[in-house]
Enquirer: 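Have a look at this one before I ask anything.
Just the heavy atoms: all of them, side chains too, but no hydrogens, waters or symmetry mates, feed the values below. Sequence lines set the chain letters: A, B, ... in the order given, protein chains first and strands last, and positions in each chain run from 1. On a predicted model such as this, the values are computed, not experimentally measured, just so you know.
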2 protein chains.
Amino acid sequence: MKISELSAATDVSVATLKYYLREGLLPPGEPLTRTSAAYGEGHVERIRLIRALTSVGGLSVATTRRVLEVIAQPGTGRVDVLGAAQRALLGEEFVSDPPCADGAGPTSRARTWLADQGWQVHPLDPVIDDLDAAWEACEAAGLGLDEERMTAYAHGVLQIARTDVESVPQDPAGAVRQVVLGTVLVDPVLTPLRRLAQQHLTVSEGG
Amino acid sequence: MKISELSAATDVSVATLKYYLREGLLPPGEPLTRTSAAYGEGHVERIRLIRALTSVGGLSVATTRRVLEVIAQPGTGRVDVLGAAQRALLGEEFVSDPPCADGAGPTSRARTWLADQGWQVHPLDPVIDDLDAAWEACEAAGLGLDEERMTAYAHGVLQIARTDVESVPQDPAGAVRQVVLGTVLVDPVLTPLRRLAQQHLTVSEGG
DNA sequence: CCGAAGTGGATAGTGACGCTCTCCAGTATT
DNA sequence: AATACTGGAGAGCGTCACTATCCACTTCGG
């Protein structure tokens, strides 16, 4: 398959494919002559994956490259799948056993609330900071989001997460793929789903 | 309050405040002389709101302006709150009772599934197209997301939406505000919450 | 065997976006 | 009188995801 055919098969312009090749998102094709290379079905799949991650998942090209690397790496054990996924999505590495021995560690509303919930999460996971920032933003915007309502949200989210975890396959490579893609691509599914659910409830309860 | 004090009170640079004024995100201050105006506490709140919507909610300046307009408008009745919110978040208006009388209307996987669920939603709501696109992207990326799993997600989301709907206040203006801000600002709360829930489940179930 | 078309490769340009900088004449303060 | 600050407006900047142009070099149809 030549690059023009690859372009036709994926609806992505040749210029963009060249860009993806340059950026290392797409592996080079099998060189046939000095001015042509052969691309295979794997390239088509990979391009579909790239488009899903960037357009729907909203990932930047740099993040997409990191995610693709994580999926491709065969080494990751099933245990650290979640960590690997989240590290790939973050800009920089986050040490899972940090050297900072400053006793108490950071305290925040989210951390306190998580402890109250009895959730076993890494206390230094940066995703907690994201939660903190989002929660704080709600307060700053005048949206009263108290602990009670947060706990109500947590119940719904827990059910979603249970579904996520249950659908992870047994084989390591598939597990990594499922977790990474699920982390990125399911959020854009849940967002419209939530709005439709709100609509359904409002309509069926008679406004 | 002069603009420099407003800047100090909100940690937003004077240049950026001027930009917000120019873009119509921030109403002009009460003119005192020809070269100075007074800003009040309302401006401080509004700036906090703008920052929450743009930085955490990820809204563009144009969308933020539309959202702010919807919140400010006193006319919206409690019934159409959801529609008003979603219209504000979309780029263009969407007619709630469209003139297209082409019989069947569009069919898609999401629409069929929604019908199976018995969800009462507007069949032409563009948010369904978002769901379709996200679902399709999951498939394109090789993430097997079947109807069963989608229904499992729907149960969790429904619980979340129930919490949303219950926390909407009675007074019309407050309702609009709550719904609009909830639509935009709660998503960034749910995203890290979901990841933490996954982590909790994986850890507590022994990986 | 010739010329048009296509290829990999590199460099530069584009348009959108959210600021940020610079300048201005006109107050306000010291 | 000198300095600082104001509202207002235009232009510039850095990032990002492409996109367009140019190049020397095959490949293919006639």
Side-chain angles (χ1 to χ4, degrees), chain A residues 1-40 43-44 46-68 89 91-92 137 184, chain B residues 1-40 43-44 46-68 89 91-92 137 184:
Chain A
M1 204 188 292
K2 287 182 289 190
I3 198 169
S4 57
E5 298 171 296
L6 189 62
S7 165
T10 57
D11 251 324
V12 175
S13 76
V14 173
T16 302
L17 292 181
K18 284 183 171 186
Y19 169 64
Y20 289 163
L21 285 164
R22 240 178 302 151
E23 293 294 318
L25 295 189
L26 206 57
E30 192 71 22
L32 295 175
T33 74
R34 209 176 317 166
T35 66
S36 80
Y39 303 90
H43 286 88
V44 175
R46 185 141 178 154
I47 290 163
R48 274 203 251 278
L49 185 52
I50 292 169
R51 298 309 302 214
L53 290 174
T54 55
S55 70
V56 176
L59 264 51
S60 71
V61 167
T63 308
T64 303
R65 180 172 43 232
R66 241 176 298 125
V67 167
L68 290 171
L89 294 172
E92 291 307 306
V184 178
Chain B
M1 203 188 295
K2 286 181 288 188
I3 199 169
S4 57
E5 296 171 297
L6 189 61
S7 164
T10 57
D11 251 324
V12 175
S13 76
V14 174
T16 301
L17 293 180
K18 285 183 172 185
Y19 169 65
Y20 289 162
L21 285 165
R22 240 178 301 156
E23 293 296 316
L25 295 190
L26 206 57
E30 192 71 23
L32 296 175
T33 74
R34 210 175 317 166
T35 67
S36 80
Y39 302 91
H43 287 88
V44 175
R46 184 141 179 151
I47 291 163
R48 274 203 252 279
L49 185 52
I50 292 169
R51 299 308 302 213
L53 291 174
T54 55
S55 70
V56 176
L59 264 51
S60 72
V61 167
T63 308
T64 303
R65 181 174 41 233
R66 240 177 299 127
V67 167
L68 291 171
L89 294 172
E92 290 308 305
V184 178

Enquirer: For a quick test of your reading: what N or O donor-acceptor pairs under 3.5 Å do the side chains of residues 24-31 of chain B make, sequence neighbours left out?
Expert:
none

Enquirer: How long is the line joining CG of B/Leu26 and P of C/dG18, in whole Å?
Expert: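 Distance check: B/Leu26 CG to C/dG18 P gives 16 Å.
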Enquirer: Please enumerate all residues that pass side-chain contact (heavy atoms from CB on, under 4.5 Å) together with B/Ser60, with sequence neighbours excluded.
Expert: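 Only B/Ala62, B/Thr63 meet the side-chain contact (heavy atoms from CB on, under 4.5 Å) criterion with B/Ser60.
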Enquirer: Tell me the interatomic distance from B/Glu23, atom CD, to D/dG8, atom P, rounded to whole angstroms.
Expert: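 It works out to 14 Å between those atoms.
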Enquirer: Rounded to the nearest Å, what distance is computed from the CG atom of residue B/Leu17 to the P atom of nucleotide C/dG18?
Expert: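 The answer, rounded to whole Å, is 16 Å.
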Enquirer: List for me each residue that meets side-chain contact (heavy atoms from CB on, under 4.5 Å) alongside B/Ser13, sequence neighbours excluded, and say none if there are none.
Expert: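 Only B/Ala15, B/Thr16 meet the side-chain contact (heavy atoms from CB on, under 4.5 Å) criterion with B/Ser13.
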Enquirer: Go through the structure and list residues passing side-chain contact (heavy atoms from CB on, under 4.5 Å) with B/Thr35, not counting sequence neighbours.
Expert: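 By the side-chain contact (heavy atoms from CB on, under 4.5 Å) rule, B/Thr35 matches B/Thr33.
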Enquirer: Ignoring backbone atoms, establish whether B/Tyr19 has a side-chain N or O less than 4.0 Å from OP1 or OP2 of D/dA9.
Expert: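 Result: no.
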Enquirer: Going from OG1 on B/Thr10 to NE2 on B/His43, what distance comes out if it is rounded to the nearest 0.5 angstrom?
Expert: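 Reported to 0.5 Å precision, the distance equals 11.5 Å.
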Enquirer: In chain order, what residues pass the side-chain hydrogen bond (donor to acceptor under 3.5 Å, both in side chains) check against B/Ser4, with sequence neighbours excluded?
Expert: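 With sequence neighbours excluded, B/Ser4 shows a side-chain hydrogen bond (donor to acceptor under 3.5 Å, both in side chains) to no residue whatsoever.
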Enquirer: Within residues 55-62 of chain B, find the residues that approach DNA chain C with a heavy atom at under 4.0 Å, and present them sorted by residue number.
Expert: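 Nucleic-acid contacts, sorted: B/Ser60, B/Val61.
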Enquirer: Between protein and nucleotides 4-9 of chain C, map the contacts as a letter string: B base, S sugar-phosphate only, - none, heavy atoms under 4.0 Å, written 5' to 3'.
Expert: ---BBB
Enquirer: Could you give the distance from CG (B/Leu59) to CG (B/Leu53), rounded to the nearest 0.5 Å?
Expert: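 B/Leu59 CG to B/Leu53 CG: 6.0 Å, rounded to 0.5 Å.
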Enquirer: Shorter than 3.5 Å, N or O on both sides, protein versus nucleotides 11-13 of chain C: list them out with atom names.
Expert:
unit_1 : atom_1 : unit_2  : atom_2 : d
C/dT11 : O4     : A/Arg22 : NH1    : 3.4

Enquirer: Can you pull the salt bridge (Lys or Arg N to Asp or Glu O under 4.0 Å) pairs that have at least one residue in residues 2-11 of chain B, sequence neighbours excluded?
Expert: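 Sorted result for residues 2-11 of chain B: empty, none.
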Enquirer: Excluding sequence neighbours, so at least two apart, what forms side-chain hydrogen bond (donor to acceptor under 3.5 Å, both in side chains) with A/Arg51?
Expert: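 For A/Arg51 the side-chain hydrogen bond (donor to acceptor under 3.5 Å, both in side chains) partners, ignoring immediate neighbours, are A/Tyr20.
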Enquirer: Whole Å only: how far is the CE atom of B/Met1 from the P atom of D/dC5?
Expert: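 To the nearest whole Å, that distance equals 17 Å.
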Enquirer: Do you know the tightest heavy-atom contact between B/Val184 and B/Gly57?
Expert: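 The answer is CG1-CA, 3.9 Å.
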Enquirer: Closer than 4.0 Å, any side-chain N/O of B/Tyr20 to the OP1 or OP2 of C/dC19?
Expert: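 Indeed, a polar side-chain atom of B/Tyr20 lies that close.
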Enquirer: To the nearest angstrom, how far is A/Arg65 atom CZ from D/dA17 atom P?
Expert: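 Whole-Å distance recorded here is 10 Å.
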Enquirer: Just to verify, what does B/Glu23 make a salt bridge (charged side-chain N to carboxylate O under 4.0 Å, His left out) with, not counting sequence neighbours?
Expert: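 Applying salt bridge (charged side-chain N to carboxylate O under 4.0 Å, His left out) to B/Glu23 gives B/Arg65.
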